[in-house]
2 protein chains.
Amino acid sequence: MGKQNIPDVIIRRLPIYLRVLEGLYEDSPGDVVSSFELGEKSGVTPAQVRKDLSAIGAVGKPGLGYNIEALRDKLKNILNLDKEIRVGIIGVGNLGHAVARYIIQRYRTERDYHLKLVALFDSNPEIVGQCINGIAIDDMKGFSGKASELGFRMVILAVPAEEAQTVINQCSTAGIEAVLNFAPIHLRAPRGIRIHDTDLSVDLMHLAYYL
Amino acid sequence: MGKQNIPDVIIRRLPIYLRVLEGLYEDSPGDVVSSFELGEKSGVTPAQVRKDLSAIGAVGKPGLGYNIEALRDKLKNILNLDKEIRVGIIGVGNLGHAVARYIIQRYRTERDYHLKLVALFDSNPEIVGQCINGIAIDDMKGFSGKASELGFRMVILAVPAEEAQTVINQCSTAGIEAVLNFAPIHLRAPRGIRIHDTDLSVDLMHLAYYL
DNA sequence: AAGGGATTGTGAAAAATCGCACAAGGTAGT
DNA sequence: ACTACCTTGTGCGATTTTTCACAATCCCTT
């Protein structure tokens, strides 16, 4: 495959381009888009758009722009979104619950992003056994088994900060490769796992600076 | 005030340092922390920690480290977290609802971060009038009035993508200065408003690359 | 009071990222 | 076919960010 070493800054912008392209595709499939328009709608300079697209091997036509559909497909390919991606959620409290419903809602009716929520886990006996939109909440004890059985390699972590590191280690053992961490703590990534920390409070505090 | 022009990369790391410092403070108030330990727990190199802290005018003692309490207070000061920060949420669907409960829960029992949720807004008549933990959901029509009445300048945006830009413009008129945007769209910031976009799907797609 | 050990603070180098500017290439209209 | 116009692709320089390395500083023990 033609995936060279693309720097992470670029990878981070690709989903944003993709989001814009999906919108454009709905309005005018078969059309083209310029780096100016794509940049405008993505919050990025045109030059940067071109640099990014060039880095992933996408080509446009001088004088015209980039073919929307082709570019979209290219991005989906790079981001592995042309195959089904199964995701599990660990921790079904306030946040985990909301995220679950959000994902189900967003990817049920919408385009075929192949992002599929397949399992929910919690360690609280009062929650285990409940259902969210037909997906049962499993006990965390059976995590490793379920992970290989259902074949998901990506996890959303929404447990309390104190438990997060322990859970990450379990994930590692179970062969999980990517984790989106909502727990308010920086996790040390075990070998072979990619972690992306995200914390609402951190974002709010960041913004607070600019008040 | 001694706030020079601190680059945003640094500002973004400050809340993370602060989060770590709060944890350290609980365990051992009055103690000091080295740039090594602080870096370790924040996912940042020691050198970078020192550069960052130096940039905001925080000083440590050679051979010892930084006084935890003093550093924490310094960070809170820089991030405006030593005054009360009132926040409103616009859009109380799945996500907005969850965020509301998350904030209330996290900042009620916890430390005095002075981050206070003071208002909820929606335009759906079926939702308007409901209550979440004692906070009524107001009609979006009265937004501007409520904003100046309650004095909040920061907003969490959790409306559908189609409405987001319109709402941001209303925010601008109402004197809002900072917005945490959960809508899956890049918003053009009106003059005087700082926007931070955050999108669960974008994060998931970013991670998907590394599978 | 003096020496040892640890850690800060920061210039200066290195690396990463970004943006400019323009030649090359393509289209559409005459 | 030719011209006018538009947009890509990219070398290169500017800027930002990170890392290195070490002198200066301070505590603690003896």
Side-chain angles (χ1 to χ4, degrees), chain A residues 2 4-17 20-21 24 28 30-75 78 186 197 206 209, chain B residues 2 4-17 20-21 24 28 30-75 78 186 197 206 209:
Chain A
Q4 301 133 56
N5 248 26
I6 308 171
D8 189 68
V9 238
I10 294 183
I11 300 297
R12 230 177 309 166
R13 282 190 291 263
L14 300 186
I16 300 175
Y17 298 148
V20 173
L21 287 166
L24 292 172
S28 49
D31 207 350
V32 295
V33 61
S34 71
S35 60
F36 289 83
E37 184 179 3
L38 185 48
E40 170 76 18
K41 295 191 171 166
S42 305
V44 166
T45 64
Q48 185 134 240
V49 169
R50 294 200 296 276
K51 269 273 164 69
D52 288 349
L53 297 187
S54 168
I56 65 172
V59 292
K61 284 188 181 165
L64 268 192
Y66 300 86
N67 180 292
I68 292 176
E69 187 173 5
L71 185 52
R72 181 199 61 173
D73 290 344
K74 180 88 185 176
L75 288 178
I78 301 259
H186 171 73
D197 295 323
H206 176 198
Y209 173 80
Chain B
Q4 300 134 57
N5 248 25
I6 307 172
D8 189 68
V9 239
I10 294 184
I11 299 297
R12 230 178 310 166
R13 282 191 291 264
L14 300 186
I16 300 175
Y17 297 147
V20 173
L21 287 167
L24 292 172
S28 49
D31 208 351
V32 296
V33 60
S34 71
S35 60
F36 289 83
E37 185 179 3
L38 185 49
E40 171 76 17
K41 295 191 170 166
S42 306
V44 165
T45 64
Q48 184 134 240
V49 170
R50 293 201 296 276
K51 266 274 160 70
D52 288 351
L53 297 187
S54 168
I56 64 172
V59 291
K61 284 188 183 163
L64 269 191
Y66 300 86
N67 180 291
I68 293 176
E69 188 174 5
L71 185 52
R72 181 199 60 173
D73 290 343
K74 181 87 186 176
L75 288 177
I78 300 260
H186 170 75
D197 294 322
H206 176 198
Y209 173 80

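Please read these numbers as outputs of a predicted model, since none were measured by experiment. Throughout, a chain's letter reflects where its sequence line sits, starting with A, and its residues are numbered from 1.
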Rounded to whole angstrom units, what separation is found between the CG atom of A/Asn5 and the C1' atom of C/dA15?
15 Å

Hey, which sits more toward the 5' end of DNA chain C by its nearest nucleotide, A/Arg50 or A/Asp8?
A/Asp8

If only side-chain N and O atoms of A/Arg13 are considered, is one of them under 4.0 Å from the OP1 or OP2 phosphate oxygen of C/dC18?
yes

Ordered by number, residues from residues 31-42 of chain B within less than 4.0 Å of DNA chain D (heavy atoms) are none

Check step by step if side-chain contact (heavy atoms from CB on, under 4.5 Å) holds for B/Tyr66 and B/Leu38.
CA-CA 9 Å; B/Tyr66 300 86; B/Leu38 185 49; 5.6 Å; no

What are the two closest non-hydrogen atoms of A/Ile56 and A/Lys74, and how far apart are they?
O-CE, 3.2 Å

So, OP1 or OP2 of D/dT19: does either fall under 4.0 Å of a side-chain N or O from B/Gln48?
yes

Closest heavy-atom pair and its distance - B/Lys41, B/Val20:
O-CG2, 3.4 Å

Please list, for nucleotides 25-28 of chain C, all pairs of protein and nucleotide N/O atoms separated by less than 3.5 Å.
| from | atom 1 | to | atom 2 | distance (Å) |
| --- | --- | --- | --- | --- |
| C/dG25 | N2 | A/Gly63 | N | 3.4 |

Starting at atom CD1 of A/Ile10, determine the distance to atom P of C/dC18, rounded to an integer number of angstrom.
8 Å

Sorted by chain and number, sequence neighbours left out, side chain to side chain donor-acceptor pair (under 3.5 Å) with B/Asp197 holds for B/Asn181, B/His186

Would you tell me if any nitrogen or oxygen in the side chain of B/Ser54 comes within less than 4.0 Å of OP1 or OP2 on C/dG9?
no

How close or far is atom P of D/dT10 from atom CD1 of A/Ile56, stated in whole angstroms?
13 Å

Nearest-Å distance, CG (A/Asp52) to P (D/dT10)?
13 Å

Ignoring hydrogens and angles, are the base of C/dG19 and the side chain of A/Lys51 linked by a donor-acceptor pair under 3.5 Å?
yes

Between CG of A/Leu71 and C1' of D/dT8 the distance, given in whole Å, is 13 Å

Is any side-chain heavy atom of A/Leu53 less than 4.5 Å from a side-chain heavy atom of A/Leu71?
yes

When every non-hydrogen atom of B/Arg50 is compared with those of B/Phe36, the smallest separation belongs to NH1-CE1, 4.3 Å

Rounded to the nearest 0.5 angstrom, the CG-CG distance for A/Leu14 and A/Leu75 is 5.5 Å

Scan B/Pro7 against the nucleic acid and name what it touches under 4.0 Å (heavy atoms): base, sugar-phosphate only, or nothing.
sugar-phosphate

Write down the distance between CG (A/Leu53) and C1' (D/dT10), rounded to a whole number of angstrom.
14 Å

Are the side chain of B/Ser34 and the backbone of B/Glu37 linked by a donor-acceptor contact shorter than 3.5 Å?
yes

Contact under 4.0 Å: A/Tyr66 side-chain N or O vs D/dG9 OP1/OP2
yes

Nearest heavy-atom approach of A/Ala55 to A/Ile10 is CB-CD1, 3.9 Å

